[in-house]
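Hydrogens, waters and symmetry mates are skipped; everything else that's a heavy atom, side chains included, is used. Naming convention: chains lettered A, B, ... in sequence-line order (proteins, then strands); numbering from 1 in each chain.
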There are 2 protein chains.
Amino acid sequence: MSNSKLYKGSLSTIILKLLSKEDKMYGYEITQRVKELTKGELKITEGALYPALHKLEADGLLEVEMQKVDNRLRKYYKLTQKGTTETVSKLEELERFMETMNGLMNPKPSLG
Amino acid sequence: MSNSKLYKGSLSTIILKLLSKEDKMYGYEITQRVKELTKGELKITEGALYPALHKLEADGLLEVEMQKVDNRLRKYYKLTQKGTTETVSKLEELERFMETMNGLMNPKPSLG
DNA sequence: TTTTATGCATAAGAAATTTATGTATGTTTG
DNA sequence: CAAACATACATAAATTTCTTATGCATAAAA
């Protein structure tokens, strides 16, 4: 993650969200997908991505499946049951954060 | 900051935004204002707030004015010129972040 | 008189990054 | 054909930003 400043804490939500619609993805693929979906606004660095994936796996949210393609090793990640549940809650959390920030940035003048 | 998980990096933006409409505020006042504006969703802890204020001051974005009220000392902060400029850019950054996250969470299916 | 509110501050530790490397294979390009 | 770029993973050191835990001080409320 670099360039357009990301708020720390959002990376795992991004990963989980992508995996919730793709069934399985590998690390490099995730960096490319994010780059294309955000038109280059967001660039996930490997230094952030791989530790994040390892942590999600260690927490039991992702499971791994190795695969050799074109003589190159790929590590495919997919959501576990627990991961699917956690994804929902992370997305709700993001939603709340966005609404809260909106309320702070554009406060409704109190009536009366 | 505790409770409703905040994305790290947003605190200084919140502080700057509040000061951009209030002329001057002191630390404790900021914690209370945030609590009331977010209906308790966001609670800024002193451990996060004071170091953040000190950093903004050190960076030349805020200036300080001490004042004694009811035998209690208050440290009022206000935006400097540089702080006003930086506020605009921080708000744009937040706006871009929100749009980017929205694009990731609700991607438009590519036409064709 | 103990808790709660007001008001500031710092220090230790944790979490999530950035930046800098390292390894390896395959393709493109000058 | 050598150098650069793309693909693919990984880790380590340093930095940023926060949480948690204290500490000090005044004043009001219970």
Side-chain angles (χ1 to χ4, degrees), chain A residues 1-16 24-36 40 42-59 61-62 64-77 90 93-94 97 100-101, chain B residues 1-16 24-36 40 42-59 61-62 64-77 90 93-94 97 100-101:
Chain A
M1 203 130 49
S2 72
N3 262 15
S4 153
K5 247 165 239 162
L6 233 236
Y7 289 90
K8 292 185 183 181
S10 47
L11 177 55
S12 61
T13 305
I14 293 174
I15 294 172
L16 293 174
K24 71 178 181 184
M25 295 181 85
Y26 57 100
Y28 187 76
E29 186 182 13
I30 293 177
T31 66
Q32 301 309 301
R33 183 65 52 84
V34 169
K35 208 196 306 187
E36 100 192 22
L42 233 63
K43 286 170 189 164
I44 295 180
T45 61
E46 303 111 307
L49 179 68
Y50 292 113
L53 286 173
H54 299 162
K55 182 170 194 313
L56 290 171
E57 188 194 352
D59 290 348
L61 306 185
L62 300 185
V64 181
E65 180 193 324
M66 304 295 290
Q67 205 169 310
K68 201 162 195 172
V69 179
D70 284 330
N71 205 31
R72 274 206 205 82
L73 205 58
R74 284 182 187 169
K75 224 169 147 177
Y76 277 98
Y77 290 92
K90 285 272 198 184
E93 203 170 75
L94 175 61
F97 168 72
T100 298
M101 288 304 278
Chain B
M1 201 129 50
S2 70
N3 264 14
S4 154
K5 247 164 241 164
L6 232 235
Y7 289 90
K8 293 187 183 180
S10 48
L11 177 55
S12 61
T13 305
I14 292 174
I15 294 172
L16 293 175
K24 71 178 182 185
M25 296 181 84
Y26 56 100
Y28 187 76
E29 187 183 13
I30 292 177
T31 67
Q32 301 308 301
R33 182 66 50 84
V34 168
K35 207 195 310 186
E36 99 191 22
L42 233 63
K43 286 170 189 164
I44 294 180
T45 61
E46 302 111 309
L49 179 68
Y50 291 114
L53 286 172
H54 299 162
K55 181 170 195 313
L56 289 171
E57 189 194 351
D59 289 347
L61 306 186
L62 300 184
V64 181
E65 178 193 323
M66 303 296 290
Q67 205 169 307
K68 201 163 195 171
V69 179
D70 285 330
N71 205 32
R72 276 206 205 84
L73 204 58
R74 284 182 187 169
K75 221 169 150 178
Y76 278 97
Y77 290 92
K90 285 269 199 187
E93 203 171 76
L94 175 62
F97 169 72
T100 297
M101 287 305 277

Integer-rounded Å distance: C/dT6 P and B/E29 CD:
12 Å
Euclidean distance, atom OH of residue B/Y7 to atom P of C/dT17 [Å, nearest integer]
10 Å
Output yes when at least one side-chain N/O atom of B/K68 is less than 4.0 Å from OP1 or OP2 of C/dG7, else no.
no
Using OP1 and OP2 only, check whether a side-chain N or O of A/H54 sits under 4.0 Å from D/dC9.
no
If I take atom NZ in residue B/K75 and atom C1' in nucleotide C/dC8, what distance separates them, rounded to the nearest angstrom?
8 Å
Using the side-chain hydrogen bond (donor to acceptor under 3.5 Å, both in side chains) criterion, which residues pair with A/S12? Sequence neighbours excluded.
A/K90
What integer distance in Å separates B/L53:CG from D/dC18:P?
12 Å
All heavy atoms of B/F97 vs all of A/S10, minimum pair found to be CE1-OG, 4.0 Å
Which of C/dC8, D/dC9, D/dT7 is nearest the side chain of B/E46? It is C/dC8
Presence of donor-acceptor pair under 3.5 Å, side chain of A/K8 and base of D/dT16
yes
Over how many whole Å does the gap from B/F97 atom CZ to C/dT17 atom C1' extend?
14 Å
Start with the C-alpha gap between A/I15 and A/M25, add the side-chain angles, then the distance that decides, and say whether side-chain contact (heavy atoms from CB on, under 4.5 Å) holds.
CA-CA 10 Å; A/I15 294 172; A/M25 295 181 85; over 6 Å; no
If you assign B/Y76 and A/S12 each to the DNA chain C nucleotide with the nearest heavy atom, which residue ends up on the more 5' nucleotide?
B/Y76
Could you give all pairs that pass the side chain to side chain donor-acceptor pair (under 3.5 Å) test and reach residues 49-59 of chain A, with sequence neighbours left out?
A/K55-A/D59
Using a 4.0 Å heavy-atom cut-off, does A/G27 contact any base of the nucleic acid, only the sugar-phosphate backbone, or nothing at all?
sugar-phosphate
Would you mind telling me which residue lines up with the more 5' stretch of DNA chain D, A/R74 or A/P51, judged by nearest nucleotide?
A/R74
So, using salt bridge (Lys or Arg N to Asp or Glu O under 4.0 Å) as the criterion, who are the partners of B/K35 when residues are at least two apart?
none
Whether A/Y50 contacts D/dC9 is assessed here as follows: a side-chain N or O lying under 4.0 Å from the phosphate OP1 or OP2. Is that the case?
yes
Suppose we screen for side-chain hydrogen bond (donor to acceptor under 3.5 Å, both in side chains). Which residues come up paired with A/T13, at least two apart in sequence or across chains?
none
Identify all pairs in which a protein N or O lies below 3.5 Å from an N or O of nucleotides 26-28 of chain C, and state each distance.
from	atom 1	to	atom 2	distance (Å)
C/dG26	OP1	A/N71	ND2	3.1
C/dG26	O4'	A/R72	NH2	2.8

Taking only residues two or more places apart in sequence, or in another chain, which ones meet A/Y26 in a side chain to side chain contact (heavy atoms under 4.5 Å, CB included)?
A/Y28, A/E29, A/R74, A/Y76
Measure NZ/B/K90 against C1'/D/dT17 and give the value in whole Å, please.
11 Å
By nearest nucleotide on DNA chain C, pick out whichever of A/K55 and B/G47 is the more 5' one.
B/G47
Taking atom P of C/dC8 as reference, at what distance in whole Å does atom CG of B/L62 sit?
13 Å
What pair of heavy atoms forms the shortest contact from A/L11 to A/A52, and how long is it?
CD2-CB, 3.9 Å
Using a 4.0 Å heavy-atom cut-off, does B/G9 contact any base of the nucleic acid, only the sugar-phosphate backbone, or nothing at all?
sugar-phosphate
How long is the line joining CD1 of A/I30 and P of D/dT7, in whole Å?
15 Å
Check every atom of D/dC18, D/dA10, D/dC9 against the side chain of B/A48 and return the nucleotide holding the closest atom.
D/dC18
D/dA6, OP1 or OP2 - any side-chain N/O from A/Y28 closer than 4.0 Å?
no
